[in-house]
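What you see below is based on every heavy atom in this structure, not just the backbone, and it leaves out hydrogens, waters and symmetry mates.
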Amino acid sequence: MTDQQDIQPFAQKWLTLWPEQNILINFVPSAKQPIVLAWLCLLFELQDCVFALEHEPVREQKSLWWSQELHSMQKQVAHHPLTQALQHLSVSFGELAQPVLHLAQQTPIRASNTPDLFLRLQPLSNSIAQLEQQLFGGQFSTHQAITTQLVLMRLPQGMHAFDQAMIPMHLLARHQSLEQINNEHALMRDWLAEIAAMIPAQHSGNGFREAQTRFSKRRIRQLQSQKSPHIQFGHSWDAWRSMRLHPFV
């Protein structure tokens, strides 16, 4: 297993953008904390590669490299600090490679509506759910819960990016027809409402995914209020409750 210092630059980058993950780590059993941190960082790095890289040749090459790394993990010959930190586990990380490559080729995704977008992201979300079940136990998470987090990772900065934060065409058309396209908050408010509606009423999976789903709901409310995502007391409740309901195996 790689030295934890090797993954700190990645952890610092993503924990700055998603500070609530700092809270979750504190409620995770100490033996699982390095695994949770490395998995979080790997998940964010893959999301960034697949959805946030505008130039197609760069996105193609980087996604190909990551897919090779994911396959290399199962042979325990990976090179990246994050993949090295996880490759000692008996987990089928290679299952992520094909969905990563496929979606990187589809980006920017122009879905007709929100269910269509979630359907397109389902293969990646299902692969993530499979790995999280192997990592943390529990039940197989619903793809909607994971897709919600993937979509939220593009907000708010993705609103001005080449993919317009994956906002479906029906919302863009609605705001253009109402001449509201310059009202960024109105557009994002409607988009957040549709994302929130896709979150399953009953959470499933494991403590890690339970916490992420609760965090996603809280982040949606913060963004709807035009506030920058920040730590609240409720995040501690979310993390504690998730770990209590679904202890790691």
Indicate yes or no for a side-chain donor-acceptor contact from Thr147 to the backbone of Gln144 under 3.5 Å, with no hydrogens or angles considered. no
Between His246 and Gln139: side-chain donor-acceptor atoms closer than 3.5 Å: no
Do you know which two heavy atoms are closest between Ile35 and Ala31, and how far apart they sit? CD1-O, 4.4 Å
Restricting to non-hydrogen atoms, name the atom on Phe162 and the atom on Arg110 that form the minimum distance, rounded to 0.1 Å. O-NH2, 3.1 Å
Counting distance only, does the side-chain N/O of His71 pair as donor-acceptor with the main-chain N or O of Gln68 below 3.5 Å? no
For the pair Phe248 and Phe136, name the ring-plane relationship: parallel under 30°, tilted 30 to 60°, perpendicular over 60°. parallel
Are the side chain of Glu95 and the backbone of Ser127 linked by a donor-acceptor contact shorter than 3.5 Å? no
With a 4.0 Å cut-off, would you call Lys13 and Glu45 a salt bridge? yes
For Gln149, run the side chain to side chain contact (heavy atoms under 4.5 Å, CB included) check against Gln47, Arg209, Arg219 and tell me which one passes. Arg209
Polar side chain donor-acceptor pair, Gln212 to Gln21, under 3.5 angstrom: yes
Taking atom SG of Cys41 and atom CG of Leu46, what is their separation to the nearest 0.5 Å? 11.0 Å
Quick one: does Ser72's side chain have a donor or acceptor within less than 3.5 Å of a partner on Val77's backbone? no
CD1/Ile109 to CE/Met169 distance, rounded to the nearest 0.5 angstrom? 13.5 Å
If I compare all heavy atoms of Leu24 with all of Met243, which pair ends up nearest, and what's the gap? CD1-CE, 4.1 Å
Grab the two heavy atoms, one from Gln134 and one from Val91, that are nearest each other, plus how far apart they are. OE1-CA, 3.2 Å
Residue Glu56 excluded, over 12 heavy atoms near CD under 6.0 Å: no
Check whether the ring centres of His143 and Phe118 lie less than 6.0 Å apart, and answer yes or no. no
Indicate yes or no for a side-chain donor-acceptor contact from Gln222 to the backbone of His230 under 3.5 Å, with no hydrogens or angles considered. yes
Once rounded to the nearest 0.5 Å, what's the spacing between atom CG of Leu124 and atom NE2 of His102? 10.5 Å
Rounded to the nearest 0.5 Å, what separates atom CZ in Arg218 from atom CD in Glu20? 10.0 Å
Which atoms form the tightest heavy-atom contact between Leu70 and Leu96, and what is the distance? CD1-CB, 3.7 Å
Whether the side chain of Glu60 engages the backbone of Ala104 through a donor-acceptor N/O pair (distance < 3.5 Å, no angle test) should be reported. no
Any side-chain to backbone donor/acceptor pair from Gln98 onto Gly94? Under 3.5 Å, distance only. no
Heavy atoms from other residues, nucleotides or ligands near NE2 of His55 exceed 12 (cutoff 6.0 Å): no
Nearest heavy atoms of Ala145 and Pro200, plus distance in Å: N-CD, 4.0 Å
Centres of the Trp18 and Phe44 rings: under 6.0 Å? yes
Interatomic distance, Leu43 atom CG to Ile128 atom CD1 [nearest 0.5 angstrom]: 5.0 Å
Is the backbone N or O of Glu54 less than 3.5 Å from a side-chain atom of Arg59, with the two atoms forming a donor-acceptor pair by type? yes
